S.K.: 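Have a look at this one before I ask anything.
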Amino acid sequence: MDGAAPAAGPAGLPAYVAVSQLLGLTLLAAAGAWLGRYRGGVAWHGHLQLNVHPLCMVLGMVFLQGDALLVYRVFRHEAKRSAKALHALLHGLALLIALLGIVAVFESHRSKGIPNMYSLHSWCGMAAFVLYLLQWLLGCGFFLLPRASFSLRSWYKPQHVFFGIALFALSITACLLGITEMLLFNISDSYSRFVPEGVLANTLGVLLVAFGLVVGYVLTRDDWKRPPLAEELALSMDFKTLTEGESPGG
């Protein structure tokens, strides 16, 4: 009936979403504490420019990407177009912040005469960014500004969902490799003695894994998927009629 309150979300979902956000904010704080306390802080110019890279990648490629993936679970009763726009906006912001981090590390390496793209971390990280950008462009083309037919969109949707989760996992993997690489470059002689910097950086890695696991669990629970609203089903049938040239019941 008109004016009725929207149905409550599935039991357990709000708690898992809250835990994910708590973990996300904690890992950002841990990254800031590590870079501020032990690596001298962050600056765009000078010897601290390199520190911009890990901060941007954790913020963009992990925290914001994870939140973008959760949009359809959190905003269950809002208009689908609004959820799509927020989903695309958060992914786009994550890409911009990640690009800033990539520029920072290349600029820092150039100024110090350090070669680029030779480590496993750099290979995985660049692959994650390039594929993430491609995923975002395809998603906008297929769903936000749809020009593809109904059948093509239906075929692409499961690919989009799978690669979204896979790229999130790859991004976390690249961050873990980057943390290990940074520790070995800076404290290789004392890392094995459980020095505070090593313990804090390892804790950041554990938080990254925990954040990824909680987000992944929320995304893979079928009963927590966003249910389509009645008007969305009608619009979907209208779009099928226009693009496929058949009646909705055909």
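As the structure is a computational prediction, the values presented were derived from the model and not from experiment.
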S.K.: Once rounded to the nearest 0.5 Å, what's the spacing between atom CZ of Arg81 and atom CG of Leu86?
M.R.: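 It comes to 14.0 Å.
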S.K.: Identify whether Val215 and Leu207 are in the same connected component of the hydrophobic contact network (ILVMFWY, side-chain heavy atoms under 4.5 Å).
M.R.: yes
S.K.: Output the distance between atom CG (Leu27) and atom OG1 (Thr203), rounded to the nearest 0.5 Å.
M.R.: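 Atom-to-atom, Leu27:CG and Thr203:OG1 are 12.0 Å apart.
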S.K.: Would you name the heavy atoms of Ile187 and Gly198 that are closest together and state the gap between them?
M.R.: CD1-N, 3.9 Å
S.K.: Out of curiosity, does Leu28 fall in the hydrophobic cluster containing Leu70 (side-chain heavy atoms, cut-off under 4.5 Å, transitive links)?
M.R.: yes
S.K.: Taking it one step at a time, do Leu131 and Phe163 satisfy side-chain contact (heavy atoms from CB on, under 4.5 Å)?
M.R.: CA-CA 9 Å; Leu131 292 174; Phe163 283 107; over 6 Å; no
S.K.: Kindly determine whether Ser119 and Glu181 satisfy side-chain hydrogen bond (donor to acceptor under 3.5 Å, both in side chains), including the steps that lead there.
M.R.: CA-CA 9 Å; Ser119 67; Glu181 183 178 286; 3.0 Å; yes
S.K.: Please check if Ile172 and Val130 belong to a single hydrophobic cluster, counting links between Ile, Leu, Val, Met, Phe, Trp and Tyr side chain heavy atoms closer than 4.5 Å.
M.R.: yes
S.K.: Pair Leu50, His109 - check side-chain contact (heavy atoms from CB on, under 4.5 Å), show working.
M.R.: CA-CA 8 Å; Leu50 180 62; His109 283 181; 4.2 Å; yes
S.K.: Where do Ala30 and Leu204 come nearest, in terms of heavy atoms and distance?
M.R.: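 Smallest heavy-atom distance, with atoms named: CB-CD1, 4.2 Å.
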S.K.: Compare all side-chain heavy atoms of Lys225 with those of Arg73 and state whether any distance is below 4.5 angstrom.
M.R.: yes
S.K.: Heavy-atom distance under 4.5 Å between the side chains of Met126 and Ile102, does that happen here?
M.R.: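 With C-beta onward as the side chain, the pair touches.
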S.K.: What are the two closest heavy atoms between Leu200 and Ala33, and how far apart are they?
M.R.: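 Nearest pair, atom of Leu200 first, then Ala33: CD2-C, 4.0 Å.
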S.K.: Between Lys80 and Arg226, does the side-chain contact (heavy atoms from CB on, under 4.5 Å) criterion hold? Intermediate values first, please.
M.R.: CA-CA 10 Å; Lys80 185 69 173 290; Arg226 181 184 188 276; 3.4 Å; yes
S.K.: By the ring pair (Phe, Tyr, Trp, His ring centres under 6.0 Å) test, which pairs, at least two apart or in different chains, include something from residues 17-52?
M.R.: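 Matches after skipping sequence neighbours: none remain.
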S.K.: Could you give the distance from CG (Asn186) to CG (Asp189), rounded to the nearest 0.5 Å?
M.R.: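 Interatomic distance, Asn186 CG to Asp189 CG, rounded to 0.5 Å: 10.0 Å.
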S.K.: Please confirm whether the ring centroid of Tyr217 lies under 6.0 Å from the ring centroid of Trp224.
M.R.: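 Yes - the distance between ring centres of Tyr217 and Trp224 falls below the 6.0 Å cut-off.
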S.K.: Please report the closest heavy-atom contact between Phe129 and Leu95, naming both atoms and the distance.
M.R.: CE1-O, 3.6 Å
S.K.: Check for me, please, whether Leu99 and Trp123 land in the same ILVMFWY cluster - side-chain distances under 4.5 Å, paths through other members count.
M.R.: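 Per the 4.5 Å side-chain linkage, Leu99 and Trp123 are co-clustered.
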S.K.: Between CG of Leu213 and OG of Ser20, what distance do you get to the nearest 0.5 Å?
M.R.: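 So the gap between those two atoms works out to 12.0 Å.
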S.K.: Do Pro10 and Asp223 have side chains that approach each other closer than 4.5 Å (heavy atoms only, starting at C-beta)?
M.R.: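 Of all side-chain heavy-atom pairs linking Asp223 with Pro10, none is under 4.5 Å.
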S.K.: Sequence neighbours excluded, which residues qualify as salt bridge (charged side-chain N to carboxylate O under 4.0 Å, His left out) partners of Arg110?
M.R.: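 So Arg110 forms a salt bridge (charged side-chain N to carboxylate O under 4.0 Å, His left out) with Glu107.
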S.K.: Honestly curious: do Tyr191 and Val199 fall in one hydrophobic cluster under the side-chain, below-4.5 Å linking rule?
M.R.: no
S.K.: Is the ring pair His87/His91 parallel, tilted or perpendicular, if the boundaries are 30 and 60 degrees?
M.R.: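 Taking His91 first and then His87, their aromatic rings stand perpendicular (interplane angle over 60°).
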S.K.: Please answer whether the main-chain N or O of Ala104 pairs with a side-chain N or O of Ser108 as donor and acceptor at a distance below 3.5 Å.
M.R.: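 Not confirmed, Ser108 side chain does not pair with Ala104 backbone.
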S.K.: Quick check for you: to the nearest 0.5 Å, what is the distance between Phe211 atom CZ and Leu25 atom CG?
M.R.: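 Reported value, rounded in 0.5 Å steps: 9.0 Å.
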S.K.: Enter the distance from Leu152:CG to Lys157:NZ here, rounded to the nearest 0.5 Å.
M.R.: 14.0 Å
S.K.: If you count heavy atoms of other groups shown closer than 6.0 angstrom to CZ of Arg221, is the number above 12?
M.R.: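 More than 12 heavy atoms, drawn from other residues, nucleotides or ligands, come within 6.0 Å of this atom.
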S.K.: Are any of the side-chain heavy atoms of Leu138 and Phe143 separated by less than 4.5 Å?
M.R.: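 A side-chain contact under 4.5 Å is absent here.
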S.K.: Below 3.5 Å, can you tabulate the donor-acceptor pairs from side chains in residues 51-68 to any protein atom, sequence neighbours excluded?
M.R.:
unit_1: Asn51; atom_1: ND2; unit_2: Arg39; atom_2: O; d: 2.9
unit_1: Asn51; atom_1: ND2; unit_2: Gly41; atom_2: O; d: 2.6
unit_1: His53; atom_1: ND1; unit_2: Gly101; atom_2: O; d: 3.0
unit_1: Gln65; atom_1: OE1; unit_2: Phe168; atom_2: N; d: 3.4
unit_1: Gln65; atom_1: NE2; unit_2: Met61; atom_2: O; d: 2.6
unit_1: Gln65; atom_1: NE2; unit_2: Ser171; atom_2: OG; d: 3.3
unit_1: Asp67; atom_1: OD1; unit_2: Gln21; atom_2: NE2; d: 2.7

S.K.: Specify the closest pair of heavy atoms between Ala127 and Leu170, including all atoms of both residues, with the distance to one decimal.
M.R.: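 For Ala127 and Leu170, the tightest heavy-atom pair comes out as C-CD2, 4.4 Å.
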S.K.: Counting only heavy atoms not in Phe194, do more than 12 sit closer than 6.0 Å to its CZ atom?
M.R.: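 Open: at most 12 neighbouring heavy atoms sit under 6.0 Å from CZ of Phe194.
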S.K.: Which atoms form the tightest heavy-atom contact between Tyr118 and Pro115, and what is the distance?
M.R.: CE2-O, 3.4 Å
